[in-house]
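Everything numeric in this text was worked out from a predicted model, so none of it was measured. These values consider heavy atoms only, across backbone and side chains, with no hydrogens, waters or symmetry-generated copies. Convention: sequence-line order gives letters A, B, ...; per-chain numbering from 1.
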There are 2 protein chains.
Amino acid sequence: MKKTGKKLPAGRTTFRHGNLREALLNAAIDLAREGGPTAVVLREATRRAGVSPNAAYRHFENHEALLHAVRATALATLARMIEIEMVQAKRIRKPAESARAALRAVGTGYLKFALGETGLFRAAFSVREPVANDHDPEKQGDSGLNPFELLSSALDQMTQAGVLPKSRRPHAEYLAWSAVHGMAYLVIDGPLNAASPKDVEHLAERLLLMVEKGL
Amino acid sequence: MKKTGKKLPAGRTTFRHGNLREALLNAAIDLAREGGPTAVVLREATRRAGVSPNAAYRHFENHEALLHAVRATALATLARMIEIEMVQAKRIRKPAESARAALRAVGTGYLKFALGETGLFRAAFSVREPVANDHDPEKQGDSGLNPFELLSSALDQMTQAGVLPKSRRPHAEYLAWSAVHGMAYLVIDGPLNAASPKDVEHLAERLLLMVEKGL
DNA sequence: TTCCTATGTGGACAGTGTACACGTCTTTTG
DNA sequence: CAAAAGACGTGTACACTGTCCACATAGGAA
């Protein structure tokens with residue numbers, strides 16, 4: 001009798017894991033969810049997957065690569081969050097109202113994500129790597145657009161509906177995103193940290209009005 | 001003969017360092033300047049100060065405390081950056097114009113800091129700890145105000161000059177800061193990373209107009 | 001001078017990312 | 001169908017980190 005099962009790390013019967021990459025990524029996502037990007041520890045991920053530390057290197061070039069993967073799925077989640085908010089906007093008949101609602105959907109989706117999935121939000125944006133012009137499918141929502149592109153599309157709707165003058169359309173996403181991203185930061189790490197959800201909602205309302213009006 | 005100079009870590013003759021705290025802080029600031037908050041490594045700071053790792057614990061409770069100190073000086077630097085921009089605004093006679101200029105000074109100072117001292121900027125804002133209602137002198141500029149308070153004062157000027165309706169004054173700093181902070185982020189880590197300084201300047205201009213108009 | 005106390009050193013430990021050499025299984029190929 | 005090839009995991013080891021503990025050294029107060 002050949003003692004094949006020499007020392008298979010408890011909890012597994014086969015030498016091969018099956019789909020370790022996914023297991024590692026999920027573990028890493030959980031870690032990020034619980035403690036943000038700094039909590040994404042390669043060794044801990046392998047531990048949770050029931051595998052030796054070095055096994056990770058067969059699926060991710062290094063720690064950074066793992067973090068980038070987490071970031072990608074975080075962005076995809078954000079995109080879906082925004083898409084959900086957009087559903088209602090699309091139902092609105094009047095194009096002008098619908099477009100405006102779409103823009104606000106981006107804002108509210110963004111903020112909901114920042115508040116509801118703070119760890120993932122941090123992981124998504126603490127890594128240095130531009131989002132625009134990045135068509136990585138891993139970063140997209142169900143519509144095939146990443147968060148930045150969703151914002152762009154909302155702004156496009158607005159120009160088409162005549163709400164946003166064509167002359168002010170170019171690069172408008174940067175202005176809108178600045179406002180929303182900045183507020184997300186203030187809420188999770190800044191002075192609005194202690195504010196009540198009600199206050200935050202109210203401020204977000206005002207912020208989006210400012211954007212609409214000032215754009 | 002008593003071999004007093006047993007093993008004084010080369011480059012120093014006295015057992016005491018003199019002002020190690022400052023030396024460590026300066027080293028840590030340099031590290032942050034070069035590589036952001038993650039580059040602030042306690043052991044490296046002690047190395048640069050020519051001292052053993054544990055010596056740091058006589059002056060900072062732990063690594064986090066050191067980082068907080070760095071963050072404080074970074075905020076103070078930011079405050080001074082803003083104050084410099086504000087000088088010109090104060091020279092303007094017409095109150096309305098002067099107030100508006102003050103608000104823009106906050107924005108441009110903020111962005112100049114983010115661009116010129118990216119590492120420090122990251123260090124200042126990657127740490128979770130609200131700035132408002134924090135009257136730590138270490139975080140203030142020469143005027144005795146921290147960056148957040150400088151923004152508040154600019155907005156106050158605006159209401160006094162009648163440029164910003166009193167009804168919209170409350171909490172207006174959060175909206176303005178959101179916009180400016182968000183753009184700073186976009187420029188150093190986001191899609192505006194690759195943009196030319198000229199383009200950034202132009203966008204900043206538009207952003208500040210948006211704030212003025214939409215506030 | 002003598003003791004107290006602030007300041008620095010040395011050694012140790014757990015935890016991290018990662019390189020290298022080596023087992024173990026699946027898949028392809030002659 | 002056996003054998004070689006390649007994919008996947010393990011084990012050991014190293015450098016590096018933050019931090020604890022016991023000890024060494026001086027500067028000032030008694």
Is the shortest side-chain N/O distance from His59(A) to OP1 or OP2 of dG9(D) below 4.0 Å?
->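 Yes, such a contact exists.
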Verify the contact: side-chain N or O of Arg47(B) to OP1 or OP2 of dT17(D), cut-off strictly under 4.0 Å; return yes or no.
-> yes
Could you work out which one of [options] sits closest to the side chain of [X]?
X	options	value
Val41(B)	dG18(D), dT9(C), dG9(D)	dG18(D)
Ala55(B)	dT16(C), dG8(C), dT18(C)	dG8(C)
Arg16(A)	dC8(D), dT17(D), dT19(D)	dC8(D)
Asn62(B)	dT10(D), dG17(C), dT19(D)	dT19(D)
Pro53(B)	dT9(C), dG9(D), dT19(D)	dT19(D)

Can [X] and [Y] be counted as an ion pair, charged N to O under 4.0 angstrom?
X	Y	result
Glu117(A)	Lys112(A)	no
Arg80(A)	Glu83(A)	no
Glu44(A)	Arg47(A)	yes

With sequence neighbours excluded, tell me which residues meet side-chain hydrogen bond (donor to acceptor under 3.5 Å, both in side chains) with Thr108(B).
->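 In terms of side-chain hydrogen bond (donor to acceptor under 3.5 Å, both in side chains), with neighbours along the sequence ignored, Thr108(B) is linked to Glu85(B).
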To the nearest angstrom, how far is [X] atom [atom1] from [N] atom [atom2]?
X	N	atom1	atom2	value
His68(B)	dG18(D)	NE2	P	16 Å
Glu44(B)	dT17(D)	CD	C1'	12 Å
Arg43(A)	dC14(D)	CZ	C1'	11 Å
Phe60(A)	dA7(D)	CZ	P	18 Å
Leu67(B)	dG18(D)	CG	P	10 Å
Tyr57(A)	dA19(C)	OH	P	6 Å
His63(B)	dT16(C)	NE2	C1'	14 Å

Donor-acceptor pair (no angle test) under 3.5 Å: Arg58(B) side chain, dA6(C) base =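 Not at all, since no donor on one side and acceptor on the other fall under 3.5 Å apart.
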Donor-acceptor pair under 3.5 Å, Asn54(B) side chain vs dG18(D) base =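 Side chain to base: no pair present.
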Just wondering, are more than 12 heavy atoms of other shown residues or ligands nearer than 6.0 Å to CD in Glu34(A)?
->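 Yes, the 6.0 Å shell around CD holds more than 12 heavy atoms from other groups.
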Listed in order of residue number, which residues of residues 17-30 of chain A have a non-hydrogen atom at under 4.0 Å from DNA chain D?
-> His17(A), Leu20(A)
Please name all residues satisfying side-chain contact (heavy atoms from CB on, under 4.5 Å) with Ala27(A), sequence neighbours left out, ordered by chain then number.
-> Ala45(A), Arg48(A)
Rounding to 0.5 Å, atoms CD (Gln140(A)) and CG (Leu75(A)) come to a distance of 11.0 Å
